[in-house]
Amino acid sequence: MKKPLILVTNDDGIAARGIKTLIDVAKQLGDVIVVAPDSPQSGQGHAITLEQPLRLYKVDLFEGVEAYECSGTPVDCVKLAKNVLLKDRELNLCVSGINHGSNAAINILYSGTLSAAMEASLEGVPSIGFSFLNYSPRADFSACTGFAKALMKYVLQHGMSKGNLWNVNIPDLPADEIKGIKVCRQADARWVEEFVEATDPRGQKYYWLTGRFVNEDQAENTDIWALENGYISLVPSKHDLTNYEALDELQSLEILTS
């Protein structure tokens with residue numbers, strides 16, 4: 001029986017500890033190809049490279065796995081994988097991560113991890129973005145492996161109904177303390193941003209983005225609630241940003257142009 005083909009990518013860079021964990025899981029479920037940035041690309045969102053050529057180099061980092069590092073963004077990695085490396089092969093699943101840090105709530109808009117998975121989903125490939133709520137470069141991802149394997153195996157066997165993109169966040173807890181998986185919605189939360197102003201040695205001002213995360217959504221069916229209460233959050237996501245609730249109300253505007 002032919003094995004499924006799984007693309008693994010991330011935004012923390014091909015040498016990150018999280019992607020190695022995801023590759024080890026994927027190897028148990030199918031044939032694996034890795035295309036990931038050659039350096040950290042956190043916060044790149046759905047950026048693509050237009051003003052300079054992309055470089056793609058084959059690397060020998062993961063035993064028994066075909067792997068490439070890319071000079072571009074996470075989305076560039078998926079585009080090159082789908083249209084160059086795998087243009088004549090059927091891709092059954094794309095997994096991105098495991099990200100070092102949360103991509104819950106509004107973070108999905110900024111996340112290179114989720115944007116890479118979303119890019120594959122735009123091509124009709126079932127895709128999952130995985131994130132672990134530990135920001136350390138040396139984080140221990142062992143608590144993630146069993147859950148990641150179970151979710152990937154489910155998708156390979158059953159597909160994704162009514163969409164093909166999941167945003168999965170895993171709390172920073174030992175595996176036996178994680179209560180399970182909650183299928184939930186994205187919390188209505190935001191960043192309150194600030195810029196720290198300073199002066200460089202040449203006397204020029206510069207600005208460093210900082211801020212704090214504010215969640216005013218106290219409902220119990222959100223990803224933030226799930227994570228704060230010891231659950232893995234799974235948010236079925238999509239790329240359609242249409243505000244359907246406003247469509248009928250705004251029909252009156254059409255008279256202005258007739």
Is any side-chain heavy atom of Ile108 less than 4.5 Å from a side-chain heavy atom of Gln186? yes
Answer with yes or no whether the hydrophobic clustering places Leu5 together with Leu93; edges join I, L, V, M, F, W, Y residues whose side-chain heavy atoms lie under 4.5 Å apart. no
How about CD on Glu249, more than 12 heavy atoms from neighbouring residues, nucleotides or ligands closer than 6.0 Å, or not? no
Look at the side chain of Ser127 and the backbone N and O of Ala117, then say whether any donor-acceptor pair between them is shorter than 3.5 Å. yes
Taking C-beta and beyond as the side chain, do Glu90 and Asn92 meet within less than 4.5 Å on heavy atoms? yes
Show your working on side chain to side chain donor-acceptor pair (under 3.5 Å) between Thr113 and Asp11 and close with a plain yes or no. CA-CA 5 Å; Thr113 300; Asp11 76 350; 3.1 Å; yes
Quick check: do Asn167 and Leu234 have side-chain heavy atoms less than 4.5 Å from each other? no
Minimum side-chain heavy-atom gap Leu122-Glu119 below 4.5 Å: yes
Do you know which two heavy atoms are closest between Ser121 and Asn164, and how far apart they sit? O-ND2, 3.1 Å
So which heavy atom on Asp223 is nearest to which on Ala187, and how close? OD1-N, 2.9 Å
Thr49 and Asp76: side-chain donor and acceptor closer than 3.5 Å? yes
Is a side-chain N or O of Asp188 found less than 3.5 angstrom from the main chain of Asp217, in a donor-acceptor match? no
Can you check whether Ile178 reaches Phe147 side chain to side chain, under 4.5 Å on heavy atoms? yes
Taking the side chain from Arg17 and the backbone from Arg138, do they hold a donor-acceptor pair closer than 3.5 Å? yes
Check each of Phe141, Tyr135, Phe132, Phe130 against His100 using the ring pair (Phe, Tyr, Trp, His ring centres under 6.0 Å) test, and report the only one that passes. Phe141
Tell me yes or no: between the side chains of Tyr244 and Asp240, is some donor less than 3.5 Å from an acceptor? yes
Would you say Glu245 has more than 12 foreign heavy atoms packed within less than 6.0 Å of its CD? no
Identify which one of Val8, Thr9, Val59 satisfies the side-chain contact (heavy atoms from CB on, under 4.5 Å) criterion when paired with Ile14. Val59
Quick check on Asp60: does its CG atom have over 12 non-hydrogen neighbours (other residues, nucleotides or ligands) under 6.0 Å away? no
Side-chain (Lys179) to main-chain (Asn229) donor-acceptor, under 3.5 angstrom: yes
Classify the angle between the aromatic ring planes of His158 and Tyr154 as parallel (below 30°), tilted (30 to 60°) or perpendicular (above 60°). tilted
Do Ile6 and Val95 come within less than 4.5 Å of each other through their side chains, counting heavy atoms only? yes
Sub-6.0 Å ring centroid separation between Tyr57 and Tyr68: no
With side chains defined as the heavy atoms from C-beta onward, is the minimum distance between Ser233 and Cys184 less than 4.5 Å? yes
Assigning hydrophobic clusters by single linkage (Ile, Leu, Val, Met, Phe, Trp, Tyr; side-chain heavy-atom cutoff under 4.5 Å), is Leu173 placed with Trp225? no
Do Asn107 and Trp191 pair up side chain to side chain, a donor and an acceptor below 3.5 Å, judged on atom types alone? yes
With a 3.5 Å cut-off and sequence neighbours excluded, list the donor-acceptor pairs that the side chains of residues 23-37 form with protein atoms.
| residue | atom | partner | partner atom | Å |
| --- | --- | --- | --- | --- |
| Asp24 | OD2 | Lys20 | NZ | 3.2 |
| Lys27 | NZ | Glu63 | O | 3.0 |
| Gln28 | OE1 | Lys149 | NZ | 2.8 |
| Gln28 | NE2 | Asp24 | O | 3.3 |

Using modelled atom types and a 3.5 Å cut-off, is there a donor and acceptor pairing between side-chain atoms of Asp12 and backbone atoms of Ala16? no
Side-chain heavy atoms of Cys94 within contact of Val125, under 4.5 Å: yes
Are Ser96 and Asn10 linked by a side-chain donor-acceptor pair shorter than 3.5 Å? no
Quickly, which of Val235, Leu151, Val183 forms a side-chain contact (heavy atoms from CB on, under 4.5 Å) with Trp166? Name it, please. Leu151
Cluster check Met160, Val78: I/L/V/M/F/W/Y, side chain < 4.5 angstrom: no
With a 4.0 Å cut-off on N to O distance, would you call Arg190 and Glu216 a salt bridge? yes
